[in-house]
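Let me begin by presenting the structure, written as structure tokens, before commenting on it.
Index from 1, following the sequence.
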Amino acid sequence: MSVPCFVSAATRSFSLPSPAAGVLCWRLLSPSSATRRNMSSKRQIDHIERTASNYRQNTLYPGQVCGMINESETVKRLRIAVNPDFGFKAGQWVDFFIPGVEKVGGFSMCSSPGLLQREGVIELAVKYTKHPPAHWVHTMCTVGSRVAMRVGGDFFFDPSPSDPPVDLLLVAGGVGINPLYSILLHTTDLLRLSRATGPGYNIGSVHLCYSAKNTQELLFKSSVIETCKEFPDKFSCNFHITQQSAEVDPLLQPFVKSGRITEEELQALVDPQRTLCYLCGPPPMIEAISKILMEFGLSKDRILFEKWW
């Protein structure tokens, strides 16, 4: 279901409910207070506290939901029309403000900056949880719902045309695919632009290793496979499933491996001089794979990660 993706005058006049705004300012300006609370409580750290040391914009932009689909049984994908001044880099996230909901969400873009330039929209894929912002997306959000967003994050891929080529290794676990899919789409846009208009950034190879419980939870799999088929000399992927009981779709079988991502697979993909690795997933997965990559000679500054759990 969708409506035309434009930001209405009503959306442009979006204002935050004062409780949420007050909580946000206090947390950002008082990191020491947040530290004291963490030491005295075992509650889960929320998005604003977890990312307090990360870059984030000062400006809050209005947005309006103009499309919604079920990406999987547990993930909803939102299409949001945004203010013309809104901008982001592939891999970044947004602080996600919902009228009447005090908690601030933190969701990575799963679309490319190119889509924003072409259509004035961004996309977010949100997994169901009982955390208020995600719960709102799954139970109350509708086409036409108004929100506000602010871009943040130090995890992104934004090369200049003169930058040396790199081979990208993208490693995702579960819904950690979101920022990596944004990066994959961005590299696809850069490649198409270079082929259409002349020399631009020289894309090396791009390989995606993506692990999930089963093929139903492999988000964006059809699009990823189409990209690999369109640019077989540039893009490749391996999907890993760890708890699959049903037969794997024949169309997916060439790309699917049973079990976790292995050391042997990673070793074959790492060139210490050319590989730049982006990781996003559960912290234990990131820590284990980072250690393996460094044992293969990849330096710390070539291993970038985002921990979302």
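Atom CZ of R260 sits in a sparse spot, with 12 or fewer heavy atoms from other residues, nucleotides or ligands closer than 6.0 Å. Counted within 6.0 Å of CE on M294, heavy atoms from surrounding residues, nucleotides or ligands total more than 12; the atom is thus considered enclosed. Within a 6.0 Å sphere centred on CZ of F305, heavy atoms belonging to other residues, nucleotides or ligands number 12 at most. The environment of CG in N58 is sparse: at most 12 heavy-atom neighbours from other residues, nucleotides or ligands sit within 6.0 Å.
L251 and I225 fall into different hydrophobic clusters, where Ile, Leu, Val, Met, Phe, Trp and Tyr are joined by side-chain heavy atoms under 4.5 Å apart, directly or via other members. Put simply, L170 and F156 are part of two different groups of oily side chains (I, L, V, M, F, W, Y) that touch within less than 4.5 Å, one to the next. M140 and V126 end up in the same hydrophobic cluster when Ile, Leu, Val, Met, Phe, Trp and Tyr side chains are linked at under 4.5 Å. Taken together through direct or relayed side-chain contacts under 4.5 Å among Ile, Leu, Val, Met, Phe, Trp and Tyr, V101 and Y128 form parts of separate hydrophobic clusters.
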(request) Would you check, one step at a time, whether the test side-chain contact (heavy atoms from CB on, under 4.5 Å) holds for Y181 with E123? (result) CA-CA 11 Å; Y181 185 58; E123 294 185 344; over 6 Å; no

(request) Could you go through the side-chain contact (heavy atoms from CB on, under 4.5 Å) check for V206 and T188 one step at a time? (result) CA-CA 10 Å; V206 182; T188 305; over 6 Å; no

(request) Run the numbers on V151 and R56 for side-chain contact (heavy atoms from CB on, under 4.5 Å), then give the verdict. (result) CA-CA 6 Å; V151 173; R56 53 177 22 94; over 6 Å; no

(request) Starting from the C-alpha separation in whole Å, work towards a yes-or-no answer on side-chain contact (heavy atoms from CB on, under 4.5 Å) for F255 and L218. (result) CA-CA 12 Å; F255 304 92; L218 289 168; over 6 Å; no

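Counting heavy atoms from C-beta on, the side chains of D167 and L169 never come closer than 4.5 Å. Taking 4.5 Å as the limit, some side-chain heavy atom of H207 sits within range of a side-chain heavy atom of S236. At least one side-chain heavy atom of L219 sits less than 4.5 Å from a side-chain heavy atom of N178. Residues V166 and Y201 have side chains in contact (heavy-atom distance under 4.5 Å, counting atoms from C-beta outward). In this structure the side chain of I80 reaches within 4.5 angstrom of the side chain of F96, judged on heavy atoms. Contact check for L184 versus T227: side-chain heavy atoms found under the 4.5 Å cut-off. The closest side-chain heavy-atom distance from F220 to R77 is below 4.5 Å. Within the 4.5 Å cutoff, no side-chain heavy atoms of L78 are placed close to those of V147.
What you find for I286 and G281 is that their closest heavy atoms are CD1-O, 3.3 Å. The nearest pair of heavy atoms linking F107 to L124 is O-CD2, 4.1 Å. Between S182 and G91, the shortest heavy-atom distance links the atoms OG-N, 3.5 Å. Smallest separation of non-hydrogen atoms from C209 and E265: SG-OE2, 3.1 Å. Taking every heavy atom of both residues into account, L279 and C277 meet most closely at CD2-SG, 3.5 Å. The two residues L185 and C110 make their nearest non-hydrogen contact at CD1-O, 3.7 Å.
With hydrogens and angles disregarded, no donor-acceptor distance shorter than 3.5 Å links the side chain of K221 to the backbone of L252. In this structure a side-chain-to-backbone donor-acceptor pair under 3.5 Å is missing from N70 to E73. Judged by distance alone, the side chain of Q92 and the main-chain N or O of G153 form a donor-acceptor pair under 3.5 Å. Here the side chain of S205 pairs no donor or acceptor atom with the backbone of K234 at under 3.5 angstrom. Side-chain atoms of H186 never come within 3.5 Å of backbone atoms of A90 as a donor-acceptor pair (strictly under, hydrogens ignored). Distance alone, capped at 3.5 Å, places no donor-acceptor pair between the H240 side chain and the G173 backbone. Using a distance-only test at 3.5 Å, with no hydrogens or angles considered, no donor-acceptor pair links the side chain of S160 to the main chain of D163. Distance alone, capped at 3.5 Å, places no donor-acceptor pair between the T275 side chain and the V270 backbone.
Atom-to-atom distance recorded for I122:CD1 and S108:OG is 10.5 Å, nearest 0.5 angstrom. Between the OG atom of S53 and the CG atom of D154 there is a distance of 7.5 Å, given to the nearest 0.5 Å. One distance of note links CE of M109 with CH2 of W93; it measures 9.0 Å at 0.5 Å rounding. For the atom pair H131 NE2 and K103 NZ, the distance stands at 5.5 Å (nearest 0.5 Å). Within the model, atoms CD1 of I292 and CD of E264 stand 9.0 Å from one another, a figure rounded to the nearest 0.5 Å. Here OG of S194 is found 7.0 Å from CG of N202. Values are rounded to the nearest 0.5 Å.
The aromatic rings of F239 and Y210 sit perpendicular, their planes meeting at an angle over 60°, well past the 30° parallel limit.
Only one option out of T242, T74, I241 pairs with E217 in a side-chain contact (heavy atoms from CB on, under 4.5 Å); it is T74.
Ion pair R118/D189 flagged as a salt bridge, since at least one NZ, NE, NH1 or NH2 atom sits closer than 4.0 Å to an Asp/Glu carboxylate oxygen.
A search for ring-ring contact (aromatic ring centres under 6.0 Å, His included) contacts involving F155 returns Y278, not counting sequence neighbours.
Side chains of S258 and Q244: no donor on one and acceptor on the other come within 3.5 Å.
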